[in-house]
Structure formats: C-alpha cells, structure tokens
Amino acid sequence: MDNLSEALEKLKLASADQAASDSVESCLDCLLKALAHNSAEASVKIQEMGVLSMLQTLLTSQSSFNPKVANIIAEVAKNEFMRSPCVEAGLIPPLVQLLNSSDQEVLLQTGRALGNICYDSHEGRSAVHLAGGAQIVAEHIKCLSQNTEPDNQKLLTVFCGMLMNYSNDNDFLQAQLINIGVIPTLVKLLGLHTHNMALTEMCLIAFGNLAELESSKEQFASTNIAEELVRLFQKQTEHEKREMVFEVLAPLAENDVIKLQLVEAGLVEGLLQVVAQTVDGETEEDMAQLKTASDLMVLLLLGDESMQKLFEGGKGSVFQRVLSWIPSHNHQLQLAGALAIANFARNDGNCIHMVDTGIVQQLLELLDRHKEEGNVTVQHAALSALRNLAIPVVNKSKMLSTGVADVVLKFLQSEMPPVQFKLLGTLRMLIDTQAEAADQLGTNGKLVERLVEWCEAKDHAGVMGESNRLLSALIRHSKSKDVVKAVIQGGGVKHLVTMATSEHMIMQNEALVALGLIAALDLVGAEKDFVGATLVSMLHKLLSDERSAPEIKYNSMILICAVMGSEPLHKEVQRLAFIELVSKLRAHENKSVSHQASLTEQRLTAQS
C-alpha cells in the first residue's frame, strides 16, 4: 500500500503535467496492480486521496490513457461503496463520451466501467440515463451484432451486461430500452451467437428484465424469440442453464400470441421430455425442473388458440400425456394434470368430449386420494376442473350420476378458503337446471348449515359470495318447499336479504328470485326473518334507486306482492308509501317493469 500511496501522489503531480505521460502510465499500472491485489482497500485509498476527480480530468483530455483509466474505474466500481462517489466525481459524462470511440479496447473498458457503476445503483443508472449512454450502447450492439469474431463477441457481452445492469429492476429504464428497439437486436444476437454461452446468458438475463413489462410483449411477439428460446432450451442439459431459459419463457408465455408461437416452435415436446426425465428424480434439482416444466405447460394452455391446438379434438398426444399425470404418484404432476384439464375445459365442446371419455372418474379418484390431510393445491385444482366440466347443460346429469356431488361434499369440512370457494362453485354449476339434485342438496342439513356459516366469512369475499349464490341456487332450481324450510331453519334468509343489496346485479337478481320463492312457498315460516332483516325497507331502496336495473325493479315488485299476505310486512309496505313509488314506475321505459308496476299498484290499492 506504500507503493500505492506513492503512485497516487505521483499521479497528482504527473496529471497536471502534460509532458509526463510515461510517469502517468506507470502510476496507472500501479493502481491496477493494487486493485487486483486488494480492490476494497485500494479503492478506499483512491477515494481518500481525491484521485477520482483526477481520473475525470484524464478522461476528458482524450489521451492514450483512456483504456487504462476506464479499466481502473471499472475495477473501483466493483465495490458497492464506490459507485456513488464515481457519479459524484463526474465520471459518467466523459465515460459516455468515450463510447463514441472506434478503439475496441476503449469501448470494452468503458462498457465495463459504466456497467459496474450501474450495478444495483440508482445514482449510477440515473447519471447514465441523463448522459444518454444507453442509446449509444444499444446502437453499438446493433452495428456489431453481425460480427462473430471473438474480440467483438467479448465487447458485445460487456455491452449487453451494461444494459442489463442499467435497466435491472427499473420499469422506466426498461421502457426506454424497449422504445429504442433493443428487443429485436438482442433476439437477433441470440440467433447469431448461439455458441457463445457468456453472451447468450447476458441476452437471457436482459430478456428476463424486459419481459416483465407488458409493453415488451408486443415487440417480442414480432420477433422469432419463440423459435430461438425453444432451440436454446432443447440444447440445454444443465439445470442452471435450463432455469435461465425458463425464467424468460414464463413471463413471455403470459402473452397469448407468444403462447401459440412457443407451442408451434415445439416447446411442449421439450417440456414433456423434462417431465419424463425428472418425475422419478429425488434431488431438489429434479423436483424444481419438474415443477417449472409442468407449471409452464399449464400456462401455455391458458391461451385459447394454443390450448385448442394441443387438444386436437381430444386426440392430441399432448392431451393424452397430460391425462396420464392425474393418476401419477407425484403431487406436482397431479396438480399440473388437474390444472391442465381445467384449462382444456374452457369451451363446451372440449368439456362434453372429456366427460364422455371418463375424465370425471379420474378426478374423483384423485380427490378421494387427497380427502384426509390431502394436498390443498391438488384439491383446489381437481375441483376447478370439475367446476369447468359441469358448465355445459348436457354434462350436469352425467356428472351427477357418477357421484360428483357426494365426493365434493366430503370436503365441506375444509378450512381452506380456496378449496371452499371451488367446491361451492362446483356444486352451483352441477345443480343449475337440475331440480332433483338441487332438492337433494338443499335438504342436506350439514350443507345448509355450512353455507350459512360461510355467508358470514367476511375475510373471504369469494367464499362469502359463492355461499350466498349456492344458497339462492338451491331454492331457485328446486322450487321446493322442503328446501325453503331447510334454509329458513338454518338461518339463511337474512343472508339472502343482504345479498339482494350486492353491488353485482346478477347476485341481486338471484337473491330476489330466491326470496320471492320463499315468500310464495312458506311466508309464515319466513315472516319473522323477513321482518328482522328489514326486507321491506330494502325493497323500497331498490325501487327508489334510479340506478337499479329493470330486472331488479321487476323482481322487487313481484316480491312486494308476495309478502302482502303477512300482516306485519303489509303494515310496513303501507307505512313506506309504496303505492306512490310504484305508480311512478308505470311510466318506466321497460315494458315488463311498467306492466308489473300496474299490477303491483292494483294489488296494493286493493289491500290498502
């Protein structure tokens, strides 16, 4: 370190003397040696002796020392504590100026210096942005991309690394790079320099940064990124290298256009191969690769076109392979298989085909395997698949006859909101238009009790909403006095009254129809609950509210007529002057509303 102190003193004197170039050069060599020996200690000394500002002077003088000065800055900036001082010493503008040089060594060391200063440094990135460094580097990459000479590739790797450090974790700077067209250039690089792993890795990390931004997806979709990534993926055998490709594929595969491109480029075959290689593996690496590959497979099936291409009318080899995952002994594959079926079941044709080919039985067996202390994610995924399969009308009775409702009811005791949410949705889909099933489930005391309990699950809005909707559906589809009685006894009426005030019109309507049936089938039994839940004043609000949809007004008036047979409810209707409110609705633009308003007014007048 004594030599370093001496060299720094000499540098101070020599840098002021234009003629002392030899002395300056030897001082710079000494600095580089000291940094190579102990970077942190040498950097502290350089900062303490005020040498950074001298380096700025040397850079500005456009001398033959520039490569060495830039190299020193690059080494100094490897230390996190030196990045802000480098910015404060004004090193960024002259470094950015050096990017206009045609000397390869100058460009290489300047790229390293700027890249290191930008690493994890907000000040560094900001200073490079203000000096316009990113645009110049991007232009260099574009011009150099065709050149496959080794020295040139080293320079490209440094420049890609610089842009990566510059934009990492910064949406604004990433958007800037996207706007100046970096993506097509980097994709081209990936194709031309496929044998250069260091450059390939830099491109992948840069893609990973940029792919997170929604605005990048369109640009990526207009390149051949899918083919390049699939080719690269198929080449990799090492876990770490595959992971790097996966990390780019996952955000890109969120875009439907790129999903289809990846499927057409043959990614699925590669993923299935990874699954086959790792399914019986016991190492953490194998399990991680299995998870990533199967997750990505499920993601590709979220696009309608890519999903249909792989379904191939239910005869696709990919679809058949995914089916074989469900009875697998591996939880991750069971999960991916069930999620894949849920994704394939996104149109009626697919659903009908899958139910006809016996998929429901496989899902029920899977649920049975996970009944006691089972894997919650697998339960959730299998229920999601069953719910989607139950949507087409022709599937409902077929699925009910295989005992789906009975298996789903076994999960009533689950304390997991995601499972609760899906089992409610599955049951609601199954009973839609199925009077007998709605009657059976609606008179199941344990189910009604659990539904009423979940109607109060304020911490889980989805579960609360689905419970209310299923409670209403049991009444609407069964139209059964026994079901109405079970709901009244279970304490469900007040929840249906609350549901009628929901912000979702479809839920309001479902509640009003169910309440109308309760009033028609067992007004005496429900009277006390109707009074307690202030049903009449709620209906007054709905009819008074100009924003209420025509269906809401119509069903509210039907319900008013239905409760007139109850003395306390009748008195409440008179007290709130419903006749005036209803008479105004006779002029409503909707014919059903105006007609029902006339009938309701007649009824109210007759019973006043």
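Not counting sequence neighbours, the partners of Glu228 by the salt bridge (charged side-chain N to carboxylate O under 4.0 Å, His left out) test are Arg231. For Arg428, the salt bridge (charged side-chain N to carboxylate O under 4.0 Å, His left out) partners at least two apart in sequence or on another chain are Glu466.
Side chains of Asn196 and Gln153: a donor-acceptor N/O pair is present below 3.5 angstrom, by distance only. No side-chain donor from either of Lys241 and Thr200 sits under 3.5 Å from a side-chain acceptor of the other. Using a 3.5 Å distance cut-off with no hydrogens or angles, the side chains of Gln174 and Asp169 do not pair a donor with an acceptor. No donor-acceptor contact under 3.5 angstrom links the side chains of Thr292 and Asp295, judged on distance only. With 3.5 Å as the limit, one finds a donor-acceptor pair spanning the side chains of Gln176 and Tyr166. In summary, the side chains of Arg112 and Asn71 do present a donor paired with an acceptor at a separation below 3.5 Å, with no hydrogens or angles considered. No hydrogens or angles considered: nothing links the side chains of Gln334 and Asn375 as a donor-acceptor pair under 3.5 Å.
When side chains are defined from C-beta on, Leu300 counts as touching Leu271, because their heavy atoms get closer than 4.5 Å. Within the 4.5 Å cutoff, side-chain heavy atoms of Leu447 are placed close to those of Leu451. Inter-residue side-chain proximity for Lys396 and Thr433 is flagged as met; some heavy-atom pair is nearer than 4.5 Å. Gln308 places a side-chain heavy atom less than 4.5 Å from the side chain of Asn350. Using a 4.5 Å heavy-atom threshold, the side chains of Leu366 and Pro327 count as separate. Looking at heavy atoms from C-beta onward, Val355 lies out of side-chain contact with Ile359 at the 4.5 angstrom threshold. Within the 4.5 Å cutoff, no side-chain heavy atoms of His460 are placed close to those of Phe421. Residues Leu364 and Leu386 meet the side-chain proximity criterion, which asks for heavy atoms closer than 4.5 Å.
Ion pairing between Lys259 and Asp256 holds under the 4.0 Å rule for side-chain N and carboxylate O. A salt bridge links Glu510 with Arg469: the closest approach of a Lys/Arg side-chain nitrogen to an acidic carboxylate oxygen falls below 4.0 angstrom. The pair Arg83-Asp120 fails the salt-bridge criterion, with no side-chain N (NZ, NE, NH1 or NH2) lying under 4.0 Å from an Asp/Glu carboxylate O. Ion pairing between Glu75 and Lys78 holds under the 4.0 Å rule for side-chain N and carboxylate O.
Counting non-hydrogen atoms of neighbouring residues, nucleotides and ligands closer than 6.0 angstrom, the OH atom of Tyr119 reaches no more than 12 such neighbours. For Glu269, the CD atom is densely surrounded, since the number of other residues' heavy atoms within 6.0 Å is greater than 12. For Glu243, the CD atom is densely surrounded, since the number of other residues' heavy atoms within 6.0 Å is greater than 12.
Note that NZ of Lys154 is 13.5 Å distant from CG of Leu199, once rounded to the nearest 0.5 Å. Atoms OG and CG, from Ser294 and Leu335 in turn, are 7.5 Å apart once rounded to the nearest 0.5 Å. Here the CD1-CD1 distance, from Ile73 to Ile117, works out to 6.0 Å after rounding to the nearest 0.5 Å. To the nearest 0.5 angstrom, Lys291 atom NZ is 11.5 Å from Asn330 atom CG. Distance CD/Glu415 to CD/Gln413: 7.5 Å, rounded to 0.5 Å.
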(request) For side chain to side chain donor-acceptor pair (under 3.5 Å), just list the numbers for Gln109 and Glu105, CA-CA rounded to whole Å, side-chain angles, deciding distance to a tenth of an Å, and then say yes or no. (result) CA-CA 6 Å; Gln109 299 303 342; Glu105 185 61 19; 2.9 Å; yes
(message) For Gln434 and Ser397: C-alpha separation, side-chain torsions, deciding distance, then whether side chain to side chain donor-acceptor pair (under 3.5 Å) applies.
(response) CA-CA 7 Å; Gln434 304 298 305; Ser397 57; 4.9 Å; no
(message) Using the rule given for side chain to side chain donor-acceptor pair (under 3.5 Å), can you reason through Lys235 versus Thr194, listing the C-alpha separation, both sets of side-chain angles and the distance that settles it, and then say yes or no?
(response) CA-CA 10 Å; Lys235 250 178 62 177; Thr194 179; 3.3 Å; yes
(message) Does Ser167 form a side chain to side chain donor-acceptor pair (under 3.5 Å) with Asn170? I'd like the steps, not just the answer.
(response) CA-CA 5 Å; Ser167 64; Asn170 187 310; over 6 Å; no
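Under a 3.5 Å cut-off, the side chain of Asp103 and the backbone N or O of Val106 do form a donor-acceptor pair.
Between Asn224 and the choices Leu190, Val187, Leu229, the side-chain contact (heavy atoms from CB on, under 4.5 Å) rule is met once, by Val187.
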